[in-house]
Amino acid sequence: MKIVPIRHAAANEFVRRLHRHNRPTVGAIFCCAVADDDAVRGVAICGRPVARRLDDGLTIEILRVATDGARNACSMLYGACRRIARELGYKKILTYTLPKEGGASLKAAGFHFDGDAGGSAAMWHSRENRTAEPIGDDLVGGKWRWIA
């Protein structure tokens with residue numbers, strides 16, 4: 001398998017079909033894929049941090065990673081995102097997982113656990129009139145933050 005470029009629309013379609021609990025993203029700074037004999041086996045979408053206070057121009061967030069289960073695909077994608085982000089000049093790379101997701105791929109790609117990022121997505125809103133639209137596993141539990 002190797003890392004290849006992919007357009008945001010195609011990466012979003014892959015996420016829509018295969019991601020366990022997240023929807024496609026609205027925007028992206030860059031996307032990459034892992035392919036095996038010209039068949040896409042996984043995608044990663046990176047963009048501005050969702051949390052406004054983290055959006056300092058030097059921080060990027062890995063918004064989605066989805067694979068078809070191919071061995072080592074997640075680790076390859078996280079590692080590629082880290083390398084690409086560093087080449088683009090980003091100083092901090094963030095991503096979030098559910099507590100039930102172990103984080104082995106993130107550790108293998110050089111990320112370290114930064115702690116519990118807070119409550120469920122239903123609690124992640126920044127003003128009274130804004131509401132979150134949690135789906136799937138976002139309805140319960142919190143998120144864990146990883147940093148490289």
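Quick note: numbers below take in every heavy atom, side chains included, and nothing from hydrogens, waters or symmetry partners.
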Discussion item. Can you tell me if Arg53 has over 12 outside heavy atoms packed within less than 6.0 Å of its CZ?
Written reply: no
Fill in: Nearest heavy-atom neighbours spanning Cys74 and Val65
SG-CG1, 4.1 Å
Worksheet item: Shortest non-hydrogen contact from Val43 to Ala11?
Response: CG2-O, 3.8 Å
So, taking the atom named [atom1] in [X] and the one named [atom2] in [Y], what distance separates them when rounded to the nearest 0.5 Å?
X     : Y     : atom1 : atom2 : result
Lys91 : Leu58 : NZ    : CG    : 7.0 Å
Ile60 : Leu54 : CD1   : CG    : 13.0 Å
Arg64 : Leu77 : CZ    : CG    : 14.5 Å
Ile45 : Cys32 : CD1   : SG    : 9.5 Å
Asn12 : His19 : CG    : NE2   : 11.0 Å

Discussion item. What verdict does the side-chain contact (heavy atoms from CB on, under 4.5 Å) test give for Phe30 and Leu88, after you've listed the backbone C-alpha separation in whole Å, the side-chain angles of each residue and the deciding distance to 0.1 Å?
Written reply: CA-CA 10 Å; Phe30 70 86; Leu88 290 173; 3.8 Å; yes
Flag side-chain contact, heavy atom, 4.5 Å: [X] against [Y]:
X      : Y      : result
Phe111 : Ile147 : no
Tyr96  : Trp144 : no
Arg48  : Ile29  : yes
Val4   : Val34  : no
Trp146 : Leu94  : no
Ile3   : Met76  : yes
Leu63  : Val50  : yes
Arg23  : Arg16  : no

Practice prompt. Give a yes-or-no answer on whether the side chains of Ser75 and Asn72 include a donor-acceptor pair shorter than 3.5 Å.
Written response: no
Fill in: Arg82 (side chain) donor-acceptor with Arg86 (main chain) under 3.5 angstrom
no
Item to complete: Ignoring hydrogens and angles, tell me if any N or O in the side chain of Arg83 forms a donor-acceptor pair with the backbone of Gly79 under 3.5 Å.
Response: yes
